Amino acid sequence: MVESKIRVLVAKPGLDGHDRGAKVIARAFRDAGFEVIYTGLRQTPEQIVAAAIQEDVDVVAISLLSGAHNTLMPKIVNLLKEKGAGDKLVIGGGVIPDDDIPGLKAAGIAEVFTPGTPTSVPIEFIKANVKK
Amino acid sequence: MAIARLITKAENEDPEATIALRQLYPKTGRAFLVGITGPPGSGKSTLTDKLVKELRKRNKTVGVIAVDPSSPFTGGAILGDRIRMSDLALDEGVFIRSMGTRGSLGGLSQASHAAIKILDAAGFDYILIETVGVGQSEIDIVKTADTTVVVTVPGLGDDIQAIKAGIMEIGDIFVVNKADRDGADRVVIELSQMLELNQNMGEWFPPILKTVASRNEGIIQLVEKIDAHKDFLNSSGELIIRRKERISNEIFNLILKRVSVEIMRKLAEDNWENELAEILEKRKNPYDVIDRVIKELLQ
Ligand SMILES: Nc1nc2c(ncn2[C@@H]2O[C@H](COP(=O)(O)OP(=O)(O)O)[C@@H](O)[C@H]2O)c(=O)[nH]1
Ligand SMILES: [Mg+2]
């Protein structure tokens with residue numbers, strides 16, 4: 001057996017039209033040795049979950065700027081559970097007020113990274129928390 | 001085991017995958033394999049997306065394997081082909097898997113061959129395999145696919161020379177995508193002149209099609225040519241020849257891989273470090289060592 005690679009889906013749900021942050025994190029993940037599946041802008045939670053399952057990723061990293069995090073992030077977690085893929089690590093990033101973070105964590109988002117967090121932080125978090 | 005997880009196990013060379021593949025083998029061979037290769041940015045993923053949609057209209061199920069290069073330094077990869085295929089995510093008759101080359105020299109890793117078998121055994125009618133056409137990977141794709149579609153675009157300049165050198169022989173169908181741009185007709189003429197020069201042309205003369213994948217133009221014609229080539233392969237007996245060659249290659253590579261693991265293990269046991277030192281000091285001749293190792297191995 002070879003060392004298994006960590007596969008991460010970088011998902012960009014919501015309606016906001018730019019993905020600079022998602023691309024920066026995708027490149028940082030690649031440089032950390034992860035295989036990053038990037039699905040592009042404006043994905044619905046259903047599309048994200050279907051892709052996560054077919055790609056059999058270990059991690060779903062949701063990048064959000066639009067402010068819809070309180071609905072979209074938990075929705076993705078719930079859909080994953082419904083489809084029997086509740087074992088995937090779900091993390092979130094973007095402009096998310098501190099007050100919302102406890103609620104997101106209670107909804108099953110393992111960790112939330114706000115702007116200004118060095119990319120090494122989510123990378124280390126993934127390495128520490130993916131069950132291999 | 002679910003398709004997605006099984007492909008992961010094959011990628012990680014998990015022994016469970018070998019067991020599963022052994023069981024799946026009798027169910028393979030039904031799917032028609034179409035390779036789509038060409039330079040980065042030529043529109044392969046966009047074309048794949050549109051091809052899938054046209055095949056779905058014809059009630060065919062489709063598996064897609066999209067291979068992108070892994071970084072040779074970190075082993076990581078950004079696999080972005082799904083960006084062009086997001087409408088397909090919710091279609092139950094479509095399965096898309098992105099794969100990194102993971103250090104395989106030829107662009108298609110052993111795991112991609114395994115993934116093809118897994119999708120084939122799962123019953124998909126067509127399997128589309130997208131690979132970036134740089135150097136050796138084009139050769140790989142032709143060893144793997146039943147029909148190889150070579151994609152090019154206007155404005156590549158001297159790259160057409162590279163195409164000439166590498167892939168004129170392997171294309172069953174040539175696509176000049178981005179035909180909305182200037183120069184598409186010139187590329188068609190250049191390609192057809194090159195094809196006419198090609199001596200080892202068999203009974204199938206590769207057609208050259210213009211497409212505008214982003215506007216879904218030329219896609220029906222492309223599907224028709226793929227099916228025409230499929231019919232040709234069947235009626236001429238060429239399909240059997242190609243598949244025989246493919247399985248021969250695959251078996252050979254798998255044997256080679258297992259044997260090379262054995263050799264490394266044996267050398268490690270055989271006091272290899274000391275032997276290397278002796279070779280460097282000219283107290284032993286490497287050619288003698290090679291002869292000895294092979295002799296012992298074949299016993
Ligand atoms: N003008 C034009 N652009 C296209 C066409 N087909 C694809 N593209 C664009 O070319 C870019 C690269 O396409 P993609 O399918 O990702 O190429 P790949 O790297 O070969 O898979 C994207 O921005 C597409 O929208 C086309 O026929 N005409
Ligand atoms: Mg592509």
Side-chain angles (χ1 to χ4, degrees), chain A residues 1-14 19 22-61 76 79-80 83-85 87-88 119 123 126-127 130-132, chain B residues 1-18 45 49 63-92 94-104 109-111 115 118-119 122 257 261:
Chain A
M1 231 159 48
V2 296
E3 193 195 339
S4 58
K5 276 219 180 319
I6 295 178
R7 285 169 64 86
V8 185
L9 183 86
V10 172
K12 189 79 188 64
D19 60 353
K23 281 181 173 158
V24 168
I25 200 68
R27 277 194 288 270
F29 285 171
R30 175 199 58 197
D31 294 342
F34 302 165
E35 268 178 3
V36 182
I37 292 96
Y38 182 54
T39 51
L41 288 167
R42 296 191 198 89
Q43 299 290 294
T44 65
E46 287 79 6
Q47 287 174 323
I48 290 166
V49 168
I53 291 171
Q54 290 188 348
E55 298 289 352
D56 195 25
V57 292
D58 307 291
V59 183
V60 179
I76 290 170
L79 281 169
L80 281 168
K83 305 269 179 197
D87 58 336
K88 299 192 190 307
T119 53
I123 288 168
I126 288 172
K127 284 183 181 167
V130 166
K131 301 174 206 86
K132 281 285 179 188
Chain B
M1 203 186 308
I3 298 172
R5 184 54 50 87
L6 191 49
I7 295 175
T8 306
K9 288 197 186 284
E11 284 201 292
N12 297 335
E13 295 177 22
D14 188 321
E16 276 182 51
T18 316
S45 299
D49 174 63
V64 176
I65 295 170
V67 184
D68 273 326
S70 302
S71 155
F73 305 109
T74 65
I78 294 183
L79 312 175
D81 298 313
R82 287 190 89 104
I83 297 173
R84 317 277 174 229
M85 307 181 199
S86 50
D87 303 346
L88 303 174
L90 299 178
D91 183 341
E92 301 274 340
V94 179
F95 186 99
I96 304 170
R97 182 65 173 234
S98 315
M99 302 181 88
T101 49
R102 294 200 185 183
S104 73
S109 60
Q110 242 176 58
I118 291 163
L119 293 178
K257 179 150 187 197
V261 170

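Within every chain, numbering begins at 1; the chains are lettered A, B, ... in the order of the sequence lines, protein sequences first and strands thereafter. The shown structure was predicted, so the numbers you read here are calculated from the model rather than taken from an experiment.
A donor-acceptor distance shorter than 3.5 angstrom exists from the side chain of A:Glu55 to the backbone of B:Ser98, with no hydrogens or angles considered. Remark: side-chain polar atoms of A:Gln47 are not paired, donor with acceptor, to backbone N or O of B:Ala89 under 3.5 angstrom.
Atom CD1 of B:Ile3 and atom CG of A:Asp56 lie 11.5 Å apart (nearest 0.5 Å). One finds the CG atom of B:Leu79 at 11.5 Å from the OG1 atom of A:Thr39 (value rounded to the nearest 0.5 Å). Taken to the nearest 0.5 Å, the NZ atom of A:Lys5 stands 6.0 Å off from the CZ atom of B:Arg102.
Side-chain contact between A:Arg7 and B:Glu11 is present, with at least one heavy-atom pair separated by less than 4.5 Å. Looking at A:Tyr38 and B:Ile83, their side chains come closer than 4.5 Å, going by heavy atoms from C-beta outward.
In terms of heavy atoms, B:Ser86 sits closest to A:Gln43 at CB-NE2, 3.3 Å. The nearest pair of heavy atoms linking B:Arg82 to A:Ile37 is CD-CG2, 3.8 Å. Closest non-hydrogen pair, A:Ser4 versus B:Asn12, comes out as CB-ND2, 3.1 Å.
Each of A:Glu35, A:Arg27, A:Arg42 has some count of heavy-atom pairs under 4.5 Å with chain B, and the biggest count is that of A:Glu35. Chain A forms the most heavy-atom pairs under 4.5 Å with one residue out of B:Asp81, B:Leu88, B:Ile7, B:Thr74, and that residue is B:Thr74.
Within the 4.5 angstrom heavy-atom criterion, only backbone atoms of A:Ile53 (N, CA, C, O) approach chain B. At a 4.5 Å heavy-atom cutoff, the contact between B:Val94 and chain A is made by backbone atoms alone. Using a 4.5 Å cut-off between heavy atoms, A:Glu46 contacts chain B through both its backbone and its side chain.
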